[in-house]
Amino acid sequence: MLDNAEVMAMVPVKDIKEAEKFYSETLSLKKVDENPGGISYQCGATKLFVYPTPTAGTAKSTVATWEVSDIKSVCDELQAKGLEFERYDYPGATHEGVVHIWEGAKAAWFRDPSGNILGLSQM
């Protein structure tokens, strides 16, 4: 039923104007729609929708992850824009700068201005 449907990440934000600047400028996402409910950004074949809500930033886990082919270069580019990355101590993981590595997978996490945890992964 849903196995052939596209899925959209829904990210709650505290301040839609602050979020628009972050997602458009810092993350370089292309805005494809804006309506009273929020803003949609194109991400490959899928979309990310940010919407204002007072409960934004309360999740204690990753709300969206981008799968990339070269995580180090993406992290370097985002750090050059002033983005700070999170560091976690996962059992069995090693670190190369801000990139966490374990069992062939690589990942990195950062927060948006609302405090949402966003991730990058490379398999």
Side-chain angles (χ1 to χ4, degrees):
M1 177 168 78
L2 296 177
D3 59 333
N4 290 317
E6 296 287 333
V7 65
M8 181 183 338
M10 307 285 290
V11 179
V13 297
K14 294 175 185 173
D15 180 323
I16 196 71
K17 290 298 179 195
E18 182 179 46
E20 180 178 17
K21 182 175 180 173
F22 177 79
Y23 286 91
S24 294
E25 295 177 18
T26 304
L27 300 187
S28 301
L29 299 182
K30 180 183 176 191
K31 181 171 42 171
V32 293
D33 182 54
E34 183 172 1
N35 61 60
I39 303 171
S40 294
Y41 295 94
Q42 193 69 46
C43 298
T46 61
K47 291 181 183 167
L48 179 129
F49 184 72
V50 297
Y51 64 97
T53 178
T55 60
T58 59
K60 300 202 183 319
S61 56
T62 308
V63 298
T65 299
W66 287 267
E67 191 167 319
V68 298
S69 59
D70 184 353
I71 195 167
K72 184 184 179 322
S73 68
V74 173
C75 289
D76 289 347
E77 185 176 334
L78 291 172
Q79 284 181 303
K81 292 182 175 186
L83 195 65
E84 294 182 17
F85 282 81
E86 302 289 305
R87 183 174 176 106
Y88 301 110
D89 292 319
Y90 289 116
T94 59
H95 299 90
E96 285 182 13
V98 298
V99 178
H100 299 64
I101 303 167
W102 64 101
E103 298 179 24
K106 296 180 179 183
W109 293 270
F110 56 92
R111 293 181 186 263
D112 74 359
S114 295
N116 293 305
I117 302 169
L118 303 169
L120 303 170
S121 70
Q122 179 183 332
M123 303 308 273

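Positions are given from 1, in the same order as the sequence printed here. Since the model is a prediction, treat every value here as computed from it, not as a measurement.
For the pair Leu48/Tyr23, a side-chain contact is recorded, criterion being any heavy-atom separation below 4.5 Å from C-beta on. At least one side-chain heavy atom of Phe22 sits less than 4.5 Å from a side-chain heavy atom of Leu83. Proximity of Pro91 to Trp102: side-chain heavy atoms (C-beta onward) are nowhere separated by under 4.5 Å. Tyr51 is listed as a side-chain neighbour of Pro12, based on a closest heavy-atom distance under 4.5 Å. For the pair Val63 and Leu118, the minimum side-chain heavy-atom distance is below 4.5 Å.
Rounded to the nearest 0.5 angstrom, His100 NE2 and His95 NE2 are separated by 3.5 Å. A distance of 9.5 Å separates CD in Glu34 from CZ in Phe49, rounded to the nearest 0.5 Å. One distance of note links CG of Leu27 with CG of Leu78; it measures 6.0 Å at 0.5 Å rounding. Within the model, atoms CZ of Phe110 and CG of Asn116 stand 10.5 Å from one another, a figure rounded to the nearest 0.5 Å. From Asp33, atom CG reaches atom OH of Tyr41 across 11.0 Å, with rounding to the nearest 0.5 Å. Here Lys30 contributes atom NZ and Ser40 contributes atom OG; the two are 12.5 Å apart, rounded to the nearest 0.5 Å.
Annotation: Tyr90 is in aromatic contact with Trp109 [ring centroid separation under 6.0 Å].
Here the side chain of Lys72 pairs no donor or acceptor atom with the backbone of Val99 at under 3.5 angstrom.
Under the 4.5 Å side-chain heavy-atom criterion for Ile, Leu, Val, Met, Phe, Trp and Tyr, Ile117 and Ile71 are members of distinct hydrophobic clusters. Val68 and Leu29 fall within the same hydrophobic cluster, defined by Ile, Leu, Val, Met, Phe, Trp and Tyr side-chain heavy atoms under 4.5 Å apart, directly or through other members.
A pairwise comparison of heavy atoms in Ile16 and Gly38 identifies CD1-CA, 4.3 Å as the closest pair. Heavy-atom minimum distance, Met123 versus Ala105: SD-CB, 4.0 Å. Scanning all heavy atoms of the two residues, the minimum distance from Ala56 to Val13 falls at CB-C, 3.2 Å.
By the side chain to side chain donor-acceptor pair (under 3.5 Å) test, Thr26 pairs with no residue at all, sequence neighbours left out. Among residues two or more places apart in sequence or in another chain, the side chain to side chain donor-acceptor pair (under 3.5 Å) test is passed with Ser69 by none.
Listed by first and then second residue, the side-chain hydrogen bond (donor to acceptor under 3.5 Å, both in side chains) pairs involving residues 6-22 are Glu20-Lys31 (not counting sequence neighbours).
Atom CD of Glu96 is surrounded by 12 or fewer heavy atoms from other residues, nucleotides or ligands within 6.0 Å. Within a 6.0 Å sphere centred on CD of Glu77, other residues, nucleotides and ligands contribute 12 heavy atoms or fewer.
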